[in-house]
Amino acid sequence: MPELPEVETTRLGLMPILGSSVLQLAVIQPRLRQLVPETLRSIIGEQLNTLSRRGKYLLLGTNKGTALIHLGMSGSLRLTATHEPYRKHDHVSLILSNDYSLRFHDPRRFGLFLWLEDEPLQHPLLSSLGPEPLTEQFTPEHLFSLSRKKKSPVKSFIMDGHIVVGVGNIYANEALFYAGIHPLTPANQLLLTDYQRLHQHICRILSIAIERGGTTLRDFVNSKGNPGYFQQELMVYGREAKNCLICQHVLELVRVNNRSTIYCPQCQPAFRSF
DNA sequence: ATGGTGACCTGACCGC
DNA sequence: TGCGGTCAGGTCACCA
């Protein structure tokens, strides 16, 4: 489910929990990619001081440690009234001092809910991540220089969290379309000017998607249970066999790293040999 | 080192 | 109505 804009939307909606304390912890269903109920108990009694984001990870900070949360493909965090019954696939509930509960819900269980006592950014899951796309650490030159030895498709390249974080399947498709780059182009065949366009559109699309509250295709909801609206502006994702909104050519589908990839053969020509 | 594939899960949808 | 197949917003371990 969530790419960077959806995680950021979730984070912004949860800011009201800051300053409250965790009265109780309920681990309803611990089976996730990673969740250790025993260590998580350390959060009980702690005040929630900070809520930050690194890539698609959320970091809920206290004086004693940090809860590291990833929503996987289908996860969501919601603020509910404490007396509200659990829903199927609720995994964790933090009962807060302000009469609300923070519920972690994840049907596919690819998410993660961990307690870290050490510096969270040093954790192996975070320490090798690439730059945040909406910071000055992320530049066209960064993409260009890291791509010189990469023969893999440019779409895989920009979706690799070690290159840049937060660009998932939807926004990779969209950015490549706007940049006029065929998704299968080997990353090392693109020029600096190509990466300048790609960089510009990655930043622009992610920013707009955050403004729209993210993209809801099936089940993304923000912390209040409401959908996002960026899906109304998608140019290629989910539009296989429909007409390109720019040139009317039929959009085509190809699988890149087992992920559906939609592109316009006319706007994103395969002009180099591959 | 790099790149491709399968694995992890459940639910929705489609065709028969 | 039910069954089997396919697909889904992410990431990682494992191979060649």
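Protein chains get the first letters and strands the later ones, always in sequence-line order, with residue 1 at the start of each.
Partners of A/Arg197 under the salt bridge (charged side-chain N to carboxylate O under 4.0 Å, His left out) rule, at least two apart in sequence or in another chain, are A/Asp194. Every residue two or more places apart in sequence or in another chain that forms a salt bridge (charged side-chain N to carboxylate O under 4.0 Å, His left out) with A/Arg212 is listed here: A/Glu233. Listed by chain and number, the residues in a side-chain contact (heavy atoms from CB on, under 4.5 Å) with A/Pro183 are A/Lys155, A/Leu176, A/Thr261, A/Tyr263, A/Gln268 (sequence neighbours excluded). Residues that satisfy the side-chain hydrogen bond (donor to acceptor under 3.5 Å, both in side chains) test with A/Arg204, not counting sequence neighbours, are A/His201. Every residue was checked against the salt bridge (charged side-chain N to carboxylate O under 4.0 Å, His left out) condition with A/Glu252, not counting sequence neighbours, and none meets it. Residues passing the side-chain hydrogen bond (donor to acceptor under 3.5 Å, both in side chains) test with A/Ser223: none are found, sequence neighbours excluded.
A straight line from CG of A/Asp160 to P of C/dA13 spans 14 Å, rounded to a whole angstrom. Distance CD1 (A/Ile170) to C1' (C/dC7): 14 Å, rounded to an integer number of Å. Put simply, CZ on A/Arg87 is 17 Å from P on B/dT10, counting in whole angstrom units. At whole-Å resolution of the value, CG in A/Leu217 and C1' in B/dA12 are 13 Å apart. Rounded to an integer number of Å, the gap from A/Leu58 CG to C/dG10 P is 15 Å. Put simply, CG on A/Leu206 is 13 Å from C1' on C/dG9, counting in whole angstrom units. We find that CZ of A/Arg259 is positioned 15 Å from P of B/dG6, with the value rounded to whole Å. Distance A/Leu32 CG to C/dT11 C1': 14 Å, rounded to the nearest Å.
Contacts of A/Tyr237 with the nucleic acid, taken as non-hydrogen atoms under 4.0 Å apart, involve only primed sugar atoms and P, OP1 or OP2.
A/Arg31 has no side-chain polar atom (N or O) that falls below the 4.0 Å cut-off from OP1 or OP2 of B/dC8. One finds no side-chain N or O of A/Asn258 lying less than 4.0 angstrom from the OP1 or OP2 phosphate oxygen of B/dT5. Dashed line: the shortest gap from a side-chain N or O of A/His89 to OP1 or OP2 of B/dT10 is not under 4.0 Å. Listed pair A/Lys88 / B/dG11 meets the phosphate criterion, a side-chain N or O lying under 4.0 Å from OP1 or OP2. The shortest distance between the side-chain N/O atoms of A/Ser260 and the OP1/OP2 oxygens of C/dA8 is below 4.0 Å.
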Sequence neighbours left out, cut at 3.5 Å: what donor-acceptor pairs do the side chains of residues 31-40 of chain A make with other protein atoms?
unit_1	atom_1	unit_2	atom_2	d
A/Arg33	NE	A/Phe110	O	3.2
A/Thr39	OG1	A/Val36	O	3.0

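Applying a 4.0 Å cut-off to non-hydrogen atoms, the residues of residues 102-113 of chain A that approach DNA chain B are A/Pro107, A/Arg108, A/Arg109, A/Phe110, listed by residue number. Within residues 139-159 of chain A, no residue has any heavy atom under 4.0 Å from DNA chain C.
When the P atom is used for both C/dC14 and B/dC9, the distance is 15 Å, rounded to whole Å. Remark: the separation of the C1' atoms in B/dG3 and C/dG9 is 23 Å, to the nearest Å. The same atom, C1', is picked in B/dG11 and in C/dC12; the two are 23 Å apart, to the nearest Å.
Ring geometry for A/Phe230 against A/Tyr171 counts as tilted: the plane angle lies between 30° and 60°, on a 0 to 90° scale.
Among the nucleotides C/dG9, C/dA8, B/dG4, the one closest to the side chain of A/Asn257 is B/dG4. Residue A/Arg33 places its side chain closer to C/dT11 than to any other of B/dG11, C/dT11, B/dC9.
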Discussion item. Using the rule given for side-chain hydrogen bond (donor to acceptor under 3.5 Å, both in side chains), can you reason through A/Asp99 versus A/Thr82, listing the C-alpha separation, both sets of side-chain angles and the distance that settles it, and then say yes or no?
Written reply: CA-CA 6 Å; A/Asp99 291 334; A/Thr82 290; 5.9 Å; no
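With A/Glu174 contributing its side chain and A/Val236 its backbone, the two residues share a donor-acceptor pair below 3.5 Å.
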Worksheet entry | Dot-bracket notation for DNA chain B, counting Watson-Crick and G-U pairs under 3.5 Å, with | for partners on another strand | .|||||||.|||||||
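Two residues are said to be in side-chain contact when any heavy atoms from C-beta on lie closer than 4.5 Å; A/Leu79 and A/Leu14 meet this criterion.
Hydrophobic cluster of A/Tyr86: the remaining members, joined at side-chain heavy-atom separations below 4.5 Å, are A/Ile28, listed by chain and number.
Within the structure, side-chain hydrogen bond (donor to acceptor under 3.5 Å, both in side chains) contacts touching residues 88-97 of chain A (residues at least two apart or in different chains) are A/Ser93-A/Arg103.
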